[in-house]
Trainee: 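Take this structure first; my questions come after.
Each residue takes its place number in the sequence, starting with 1.
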Amino acid sequence: MGQLFRTDFVREKGYLFQEQRTSNDLLFVFSAITDAKRITILDEILVHQRRDVSSSLSVTREKSWDCFYYALIVLREHLQRMGSFERFERDYIDYALHFSLWNINSIKGFAYEKLYNKLKSEWFKDWALSGLMPNALNLKVSISNTAI
């Protein structure tokens, strides 16, 4: 699913992509969606996305395995700054957990190990200590047959 945004809305709000290798559109898209006063859904195809391109950033995320986490942190800061974090907190938590699990289940090798260790030793705890995911310290989620 793609998104289209009015140019004047984007300029008025000052939305930009993050300067990082991957997940650089997360802040832009989710900020625009959560800040929008109105959203229209069209039931027609306006864009085609190429998939499984071997050189695309999305299939070489092992090189930037931690970008998604930093995008989530900046999104949380944006929501807090805009005074809308409380309204979207449950959605944020659900998405952060889902995106974390998708990331670890879709990378391999050394990046998998690094991400697994960061999630287990720091990031889930950070979210729990920040008042997010109160059960994160005792989280028992299956990740490739391994419990965190």
Side-chain angles (χ1 to χ4, degrees), residues 1-51 56-107 111-144 146-148:
M1 175 172 50
Q3 303 86 23
L4 295 173
F5 301 97
R6 284 188 1 257
T7 302
D8 60 332
F9 174 70
V10 171
R11 288 184 178 145
E12 173 191 320
K13 298 291 188 176
Y15 297 132
L16 299 171
F17 279 42
Q18 279 182 276
E19 292 188 31
Q20 59 182 30
R21 187 174 185 275
T22 55
S23 300
N24 58 358
D25 61 339
L26 186 147
L27 177 63
F28 178 99
V29 171
F30 283 93
S31 295
I33 290 171
T34 58
D35 294 349
K37 295 197 184 335
R38 185 180 73 215
I39 296 174
T40 301
I41 299 172
L42 300 176
D43 189 21
E44 58 185 290
I45 297 172
L46 302 173
V47 176
H48 292 278
Q49 179 182 10
R50 291 178 285 151
R51 293 182 178 240
S56 80
L57 293 178
S58 63
V59 296
T60 59
R61 284 179 305 98
E62 284 82 5
K63 297 177 181 177
S64 52
W65 58 271
D66 56 351
C67 285
F68 84 95
Y69 174 76
Y70 299 113
L72 287 169
I73 295 304
V74 175
L75 175 60
R76 180 176 68 187
E77 292 168 355
H78 170 79
L79 293 171
Q80 290 169 333
R81 192 171 50 257
M82 298 304 292
S84 57
F85 183 74
E86 190 174 293
R87 177 179 175 205
F88 294 109
E89 181 175 11
R90 181 79 253 160
D91 298 309
Y92 177 87
I93 293 167
D94 290 347
Y95 186 73
L97 180 57
H98 170 80
F99 202 30
S100 297
L101 296 176
W102 178 82
N103 270 278
I104 197 160
N105 283 316
S106 62
I107 62 172
Y112 173 92
E113 292 176 38
K114 287 166 60 172
L115 178 53
Y116 175 88
N117 290 330
K118 279 288 194 184
L119 286 170
K120 184 175 180 179
S121 66
E122 294 178 40
W123 294 347
F124 281 158
K125 289 178 184 178
D126 172 53
W127 283 331
L129 296 174
S130 299
L132 305 174
M133 289 193 253
N135 297 322
L137 296 174
N138 298 317
L139 193 62
K140 299 291 183 205
V141 176
S142 177
I143 298 179
S144 299
T146 307
I148 286 189

Trainee: State, yes or no, whether a side-chain contact exists between W123 and I73 at a heavy-atom distance under 4.5 Å.
Mentor: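 W123 does not reach I73 side chain to side chain.
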
Trainee: Measure the spacing between CD of E113 and CD1 of I107 and express it to the nearest 0.5 Å.
Mentor: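 Result: 10.0 Å between the selected atoms.
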
Trainee: Distance from L26 atom CG to C67 atom SG, nearest 0.5 Å?
Mentor: 11.0 Å

Trainee: Taking only residues at least two apart or on different chains, which pairs with a member in residues 11-32 satisfy salt bridge (charged side-chain N to carboxylate O under 4.0 Å, His left out)?
Mentor: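 For residues 11-32: none.
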
Trainee: For S23 and A71, which heavy atoms make the closest approach, and how far apart are they?
Mentor: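 Shortest heavy-atom separation between S23 and A71 comes out as O-CB, 3.6 Å.
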
Trainee: Work out which heavy atom in S64 is nearest to a heavy atom in T22; give both atom names and the distance.
Mentor: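 Scanning both residues, the minimum pair turns out to be OG-OG1, 2.9 Å.
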
Trainee: In terms of relative ring orientation, are Y116 and Y112 parallel, tilted or perpendicular, with 30° and 60° separating the classes?
Mentor: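 The arrangement is parallel - the two ring planes meet at less than 30°.
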
Trainee: Nearest 0.5 Å please: distance from the OG atom of S100 over to the CZ atom of F124.
Mentor: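 S100 OG to F124 CZ: 4.5 Å, rounded to 0.5 Å.
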
Trainee: Would you indicate whether the side-chain heavy atoms of T34 and R87 approach each other to under 4.5 Å?
Mentor: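 A side-chain contact under 4.5 Å is absent here.
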
Trainee: List for me each residue that meets salt bridge (charged side-chain N to carboxylate O under 4.0 Å, His left out) alongside E77, sequence neighbours excluded, and say none if there are none.
Mentor: none

Trainee: Are the side chains of V10 and F28 in contact, using a 4.5 Å heavy-atom criterion?
Mentor: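 Yes, close enough: below the 4.5 Å cut-off.
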
Trainee: Do L115 and F68 have side chains that approach each other closer than 4.5 Å (heavy atoms only, starting at C-beta)?
Mentor: yes

Trainee: In this structure, are over 12 heavy atoms from other groups packed under 6.0 Å from I45 atom CD1?
Mentor: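 For I45, atom CD1 is not crowded (no more than 12 foreign heavy atoms under 6.0 Å).
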
Trainee: Looking at Q20, is its backbone amide N or carbonyl O close enough to the side chain of Q18 to form a donor-acceptor pair, meaning the two atoms are under 3.5 Å apart?
Mentor: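 Checking the backbone N and O of Q20 against the side chain of Q18, no donor-acceptor pair under 3.5 Å is found.
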
Trainee: May I ask you to test the Y95-L75 pair for a side-chain heavy-atom distance under 4.5 Å?
Mentor: no

Trainee: Between F9 and Y15, is a ring pair (Phe, Tyr, Trp, His ring centres under 6.0 Å) present by the stated rule, with each step listed?
Mentor: CA-CA 9 Å; F9 174 70; Y15 297 132; 5.6 Å; yes

Trainee: Could you verify whether a donor N or O on one side chain and an acceptor N or O on the other, from N103 and Y69, lie under 3.5 Å apart?
Mentor: no

Trainee: Are L97 and L101 close enough, and set up right, to give a side chain to side chain contact (heavy atoms under 4.5 Å, CB included), and what steps lead you there?
Mentor: CA-CA 6 Å; L97 180 57; L101 296 176; 4.2 Å; yes

Trainee: Please step through side chain to side chain contact (heavy atoms under 4.5 Å, CB included) for the pair R90 and D94, ending with a clear verdict.
Mentor: CA-CA 6 Å; R90 181 79 253 160; D94 290 347; 2.9 Å; yes

Trainee: If I take atom CZ from residue R6 and atom OG1 from residue T40, how far apart are they, to the nearest 0.5 angstrom?
Mentor: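 One finds 9.5 Å between CZ of R6 and OG1 of T40.
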
Trainee: Please name the pair of heavy atoms, one in W65 and one in E62, separated by the smallest distance, quoted to 0.1 Å.
Mentor: CD1-O, 3.6 Å

Trainee: F30 versus F88: any side-chain heavy-atom pair under 4.5 Å?
Mentor: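 Of all side-chain heavy-atom pairs linking F88 with F30, none is under 4.5 Å.
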
Trainee: With side chain to side chain contact (heavy atoms under 4.5 Å, CB included) as the criterion, how do I93 and D91 come out once you've worked through the C-alpha distance, each side chain's angles and the decisive distance to 0.1 Å?
Mentor: CA-CA 6 Å; I93 293 167; D91 298 309; over 6 Å; no

Trainee: Look at the aromatic rings of F85 and Y92 and report parallel, tilted or perpendicular, splitting at 30° and 60°.
Mentor: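 Perpendicular: the ring planes of F85 and Y92 meet at over 60°.
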
Trainee: I'd like to check L79 versus R76 (side-chain heavy atoms, cut-off strictly below 4.5 Å). Are they in contact?
Mentor: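 No. Closest side-chain heavy atoms not under 4.5 Å.
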
Trainee: So do the side chains of H78 and L27 get within less than 4.5 Å of each other, counting heavy atoms only?
Mentor: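 They are in side-chain contact.
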
Trainee: With rounding to the nearest 0.5 angstrom, report the CD1 to CD distance, I39 to Q3.
Mentor: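 Separation between the atoms: 9.5 Å.
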
